[in-house]
2 protein chains.
Amino acid sequence: MPEQTLTTGKRLVEAATALLDSGGEAAVTLRAVAQAVGVSHNTPYRHFADRAALLAAVAERDFTMLTDAFTATEGTRLQPLAKVKDALDAFVVYGETYPARYRLLFSDPGIASPGGELEAAAMRSFAAFAKLIEGAQASGDLPATMPTATLTGVVFATVHGLLDLQAGGRMREEKGLSRAAAGVAVLFELIAPRGDAAAQSCATVSSP
Amino acid sequence: MPEQTLTTGKRLVEAATALLDSGGEAAVTLRAVAQAVGVSHNTPYRHFADRAALLAAVAERDFTMLTDAFTATEGTRLQPLAKVKDALDAFVVYGETYPARYRLLFSDPGIASPGGELEAAAMRSFAAFAKLIEGAQASGDLPATMPTATLTGVVFATVHGLLDLQAGGRMREEKGLSRAAAGVAVLFELIAPRGDAAAQSCATVSSP
DNA sequence: ACCTGAACACCGTTCAAGT
DNA sequence: ACCTGAACACCGTTCAAGT
């Protein structure tokens, strides 16, 4: 029984994650989590302040995982814009594969406590992604007419909007976009047409 | 007592909306709604199949309101791109003023039943907004390199992402974007720079 | 038709008590 | 320290019964 080697706290986080994936946020009751681990229904309170704290622990683990993925992409020898697309592809796959987890991290209002460790983990993820955007701005593949944080924010908001609409079953309404991945491709068509070559060649031609 | 003149069903919807605005989705319990109206705690079941159906009625009313707002904007004598911005401004104000309601309409997975009246109302809203985008494409203010539905989908996804992040308390993490309205402005900078004048003048200059 | 009270099976959370 | 059983105040939902 390899699970017995884990501490009870870690096992509770794992059980909560499994319930989240299989039945959505409503399925993550402290009683169900406790039963899955094999402890009494109020043992979770020995390890977490309340239900929100348990969910926050699940979210924090995934934020760290995402940060690692973005950092790994940065270490590759891909072109700057390819790094951004690579990271976003991984992000979209994560959001499509684990929609309930995705919403916990990026939408749930109940777990966000300002100044906590969760917020710090979320900011590290954002910073790791912003670094990729910065690289694509420096190489001229993405517009450098605005601060990196601003561009990163809008790109992230768009991808989040696509994933959240899909997770909420609202993609049906947009006949123009069947899946989030398609929307990301359209976004790049809009903000980096032909690797921003159009804007660059335009600037070259119109200069005296 | 003017409220007494309303049918019990309408009064339940109004009470649910008020509870949603003041305390979030969790505050909308059937018992609290019934108490606010002054009926027994299970009277709502005489008017709605279950809690989700009551929430769906709240959402449907707001979808109709949004559709009317978009249609009214279309009837003005504003420039095509100004109509789009005007509609989005109103949409952002709605999302910022009533975040819980906004999420009910565009994020909540519990009320979306395919083929129902709610979905039809949501599609009418989308169509009314798409008509404004179409006008801006026709006037050359927005890129016409993709179908109207596709562009509308991406623009809406971005605005939804901004509003949802703000409603979920995630805006703090993006130092580049303090409010959803700022993000919308950045979006237009990216997809309609100087009214798309840059791309057009570029095409003019680079043609032989 | 519309409403009611009682009841059922759940919740999160607390607490005194055990080892 | 860690876990337990009982209990409290809530839920959504159902149902037999009233007018």
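What you see below is based on every heavy atom in this structure, not just the backbone, and it leaves out hydrogens, waters and symmetry mates. So you know, we letter chains A, B, ... as the sequences are listed, proteins then strands, and number each from 1.
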**OP:** Report the distance from atom CZ of A:R46 to atom C1' of C:dT13, rounded to the nearest whole Å.
**Re:** 12 Å

Original post:
At under 4.0 Å, does any side-chain N or O of B:T29 touch on OP1 or OP2 of D:dC10?
Top reply: no

**OP:** Take atom CG of B:L30 and atom P of C:dC3, then tell me their distance rounded to the nearest Å.
**Re:** 14 Å

Original post:
Rounded to the Å, how far apart are A:E25 CD and C:dG12 C1'?
Top reply: 13 Å

Subject >> C:dA6 phosphate, OP1 or OP2, under 4.0 Å from B:S40 side-chain N/O >> reply: no

Subject >> Ring center gap for A:F70 and A:F126 short of 6.0 angstrom >> reply: no

**OP:** Searching all strands shown, indicate the nucleotide that pairs with D:dT13 (Watson-Crick or G-U wobble; both distances under 3.5 Å).
**Re:** C:dA7

Original post:
Taking NZ from A:K10 and P from D:dC2, how many angstroms apart are they, rounded to a whole number?
Top reply: 15 Å

Original post:
For DNA chain D, whose closest nucleotide is more 5', that of A:R31 or that of A:T43?
Top reply: A:T43

**OP:** Return the nucleotide paired to C:dC2: Watson-Crick means purine N1 to pyrimidine N3 with N6-O4 or O6-N4, wobble means G-U with N1-O2 and O6-N3, both under 3.5 Å.
**Re:** D:dG18

**OP:** Hey, could you give me the CG/CZ distance between B:D164 and A:R103, rounded to the nearest 0.5 Å?
**Re:** 7.0 Å

**OP:** Could you grab the distance from atom CZ of B:R51 to atom CD1 of B:I111, nearest 0.5 Å is fine?
**Re:** 10.5 Å

Original post:
Between B:H41 and A:V28, which has a closest nucleotide on DNA chain C that is more 5'?
Top reply: B:H41

Subject >> N/O donor-acceptor pair, side chain B:H47 with base C:dA1, under 3.5 angstrom >> reply: no

Original post:
OP1, OP2 of D:dC3 versus side-chain N and O of A:T8: anything below 4.0 Å?
Top reply: yes

Original post:
Roughly, in whole Å, what's the span from OH in A:Y45 to C1' in C:dT13?
Top reply: 4 Å

Original post:
Between D:dC11 atom C1' and B:D50 atom CG, what is the distance in whole Å?
Top reply: 14 Å

Subject >> Atom pair distance, as rounded to whole Å: CG in B:L12 and C1' in C:dC2 >> reply: 12 Å

**OP:** Please figure out whether A:A49 or A:A32 has its closest DNA chain C nucleotide nearer the 5' end.
**Re:** A:A32

Subject >> Length of the line joining B:F48:CZ and C:dA1:P, which is rounded to integer Å >> reply: 18 Å

Subject >> Sidechain-backbone polar pair: A:R170 side chain, B:L105 backbone, donor-acceptor under 3.5 Å >> reply: yes

Subject >> Spatial distance of atom CG (B:L163) from atom CZ (B:F106) [nearest 0.5 Å] >> reply: 9.0 Å

